[in-house]
K.L.:
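Got a structure here, written out as structure tokens. Questions coming.
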Amino acid sequence: MRISTLTIYEQSMSSLNRQQGSLMQVSQQIASGRRVVNPSDDPQAASQAVQVSQALAINSQYADARIGARNALAQEESVLNSVSDAIGSARTLILQASTDTLSDADRASIASELRGIYETVIGQANATDGNGRYLFGGYQDSSEPFVRDASGNVNYVGDSNNRAVRVDASRLMPVADNGEDIFRSVHSGAGYVMEAAAGNQGSVVFKGPQVVDDNDPGYGTAFDITFSVSGGVTSYSINGGAVQTYEPGEAIRFGGLSVTLDGIPADGDSLQLDRAENMNTDLFRTFEKALAVLEQPSASDAEIAARKNTLSSVLREFDNSLDNVLTTRASVGARMNELDVVDSVSGNRSLNYEEKLSGLVDLDYVSAIAEYSLRQVGLQAAQQAFIDIKGLSLFDRM
């Protein structure tokens, strides 16, 4: 068979180019550390690598979201810690003010201290995060959620929504609680609160109520104790029921509750009892009630009884508000713990993604170096073959 010189050159160049291409491909793989440098190297692996890379990027975005969520929850937890301390201090002052030996001036001094705590709680309720957003305004986080009206009463102007952040593909986590739930609500398990009517003229005071039988059929009902005085005999009725003789200092039971009444009620005086969630649940209103009686001198028996009854109610309301704040704080702590768990799961997921991605595109250096050496030998052989073949021309023998 006769082969033209042109054919010999073309085949030799083709062989050299192929060998150089193969060597270049392996050298690119070694330089990049990747087995799949171009999608054409392994289309299936390249396609899967794109999907895994996207999943890894999304997982990383959720990790960033969890950092923001943890910071927000930490801020809320810090504020709630301050609020619970403030309520505890206020409760201590109310207990101190309930002492009969104090004078009006002493109670005014306590009121001054209590007002400072009140202002502190309002400030905490209007706390902001690092970006100037109000923590407890719900979605209305661009303005103060608690504002005073013309009468000095604190009103909530936020909404009942809780801001949330998606911290994982299947978890949308609240990262802030609204002020309505924290400062104007009580825990669902809060018991009874008792109040004396504002217009009472007698000196009747109460202690309690205490729950003695929560299985009583009447437990959970609202009660109204009304006193009547006729012919020098004082009696009372509960919710308009049977009239019973009133004995000062005697504990009475009804609806699974026990209440101790003392003092001398006037005709028409009344006391109300109801579940805490149906009575005053506003923490700021509780402060205002306490300040009103502590800043007002009390001289008559009726005024003294009103002060004692109000402080007794206030003490119970502070307890309920404190329980509510602590419950919210516990919820915040639980969410922070959940973030730790999600972080751990997400970290393992990222490792799995990275391992899978590595298996798809990363280079096996041992095999690659061996391949590189083999390609070098192939190129050298092709070069030598070209040198030998181009020397077969008869003109070289002339």
K.L.:
Under 4.0 Å between a side-chain nitrogen and a carboxylate oxygen: does that hold for R91 and D319?
P.N.:
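The answer is yes: the pair qualifies as a salt bridge.
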K.L.:
Does a side-chain N-to-carboxylate-O contact under 4.0 Å join R70 and D343?
P.N.:
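Answer for the salt bridge query: yes.
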K.L.:
Start with the C-alpha gap between R285 and N280, add the side-chain angles, then the distance that decides, and say whether side-chain hydrogen bond (donor to acceptor under 3.5 Å, both in side chains) holds.
P.N.:
CA-CA 8 Å; R285 175 64 182 148; N280 170 45; 5.3 Å; no
K.L.:
Run the salt bridge (Lys or Arg N to Asp or Glu O under 4.0 Å) test against R329 and tell me which residues pass, sequence neighbours left out.
P.N.:
E77
K.L.:
My understanding is that only residues two or more places apart in sequence, or in another chain, count here; which of them pass ring-ring contact (aromatic ring centres under 6.0 Å, His included) with F227?
P.N.:
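Result, ring-ring contact (aromatic ring centres under 6.0 Å, His included) vs F227: Y246.
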K.L.:
For residues V186 and N324, report the shortest heavy-atom separation together with the two atoms involved.
P.N.:
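Looks like C-OD1, 3.5 Å.
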K.L.:
Atom CZ of residue position R253 - does it have more than 12 heavy atoms of other residues, nucleotides or ligands inside 6.0 Å?
P.N.:
no
K.L.:
Give the other cluster members for V212, using side-chain heavy-atom distances under 4.5 Å between Ile, Leu, Val, Met, Phe, Trp and Tyr residues; answer none if it is isolated.
P.N.:
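Members alongside V212: none; it stands by itself.
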K.L.:
Considering non-hydrogen atoms only, spot the tightest contact between A46 and V36 and give its length.
P.N.:
CB-CG1, 4.1 Å
K.L.:
Do NZ/NE/NH1/NH2 and the carboxylate oxygens of R35 and E371 come within less than 4.0 Å?
P.N.:
no
K.L.:
On a heavy-atom basis, which atom in S270 and which in D224 lie closest, and how many Å separate them?
P.N.:
CB-OD1, 4.2 Å
K.L.:
Might you point out which heavy atoms bring F206 and S312 nearest each other, and give the distance in Å?
P.N.:
CE1-OG, 3.5 Å
K.L.:
Taking 4.0 angstrom as the limit, do D282 and K289 come out as a salt bridge?
P.N.:
no
K.L.:
Might you point out which heavy atoms bring L360 and A49 nearest each other, and give the distance in Å?
P.N.:
CD1-N, 3.7 Å
K.L.:
Given the rule in the side-chain hydrogen bond (donor to acceptor under 3.5 Å, both in side chains) test, do N59 and S346 qualify, once you have shown the distances and angles that lead to the verdict?
P.N.:
CA-CA 7 Å; N59 204 44; S346 177; 3.1 Å; yes
K.L.:
Give a yes or no on this: more than 12 heavy atoms of other residues, nucleotides or ligands lie within 6.0 Å of atom CD of Q28.
P.N.:
yes
K.L.:
To the closest 0.5 Å, what do you measure between CG (L114) and CZ (R107)?
P.N.:
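L114 atom CG to R107 atom CZ measures 14.0 Å (nearest 0.5 Å).
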K.L.:
So which residues get pulled into V157's cluster when ILVMFWY side chains under 4.5 Å apart are joined, directly or through others?
P.N.:
V147
K.L.:
Return yes if some donor-acceptor pair links the side-chain N/O of S27 with the main-chain N/O of M24 below 3.5 Å, else return no.
P.N.:
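Indeed, once roles are kept as given, a pair shorter than 3.5 Å links the two residues.
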K.L.:
Where do A176 and R335 come nearest, in terms of heavy atoms and distance?
P.N.:
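The answer is N-NH1, 4.3 Å.
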K.L.:
With sequence neighbours excluded, tell me which residues meet ring-ring contact (aromatic ring centres under 6.0 Å, His included) with Y236.
P.N.:
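Here no residue qualifies.
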K.L.:
If a pair satisfies ring pair (Phe, Tyr, Trp, His ring centres under 6.0 Å) and one of its residues is in residues 303-345, list it, with sequence neighbours excluded.
P.N.:
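Counting only pairs at least two positions apart or across chains, the ring pair (Phe, Tyr, Trp, His ring centres under 6.0 Å) contacts touching residues 303-345 are F287-F318.
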K.L.:
May I ask you to say whether K308 pairs ionically with D100, meaning some side-chain N is under 4.0 Å from a carboxylate O?
P.N.:
yes
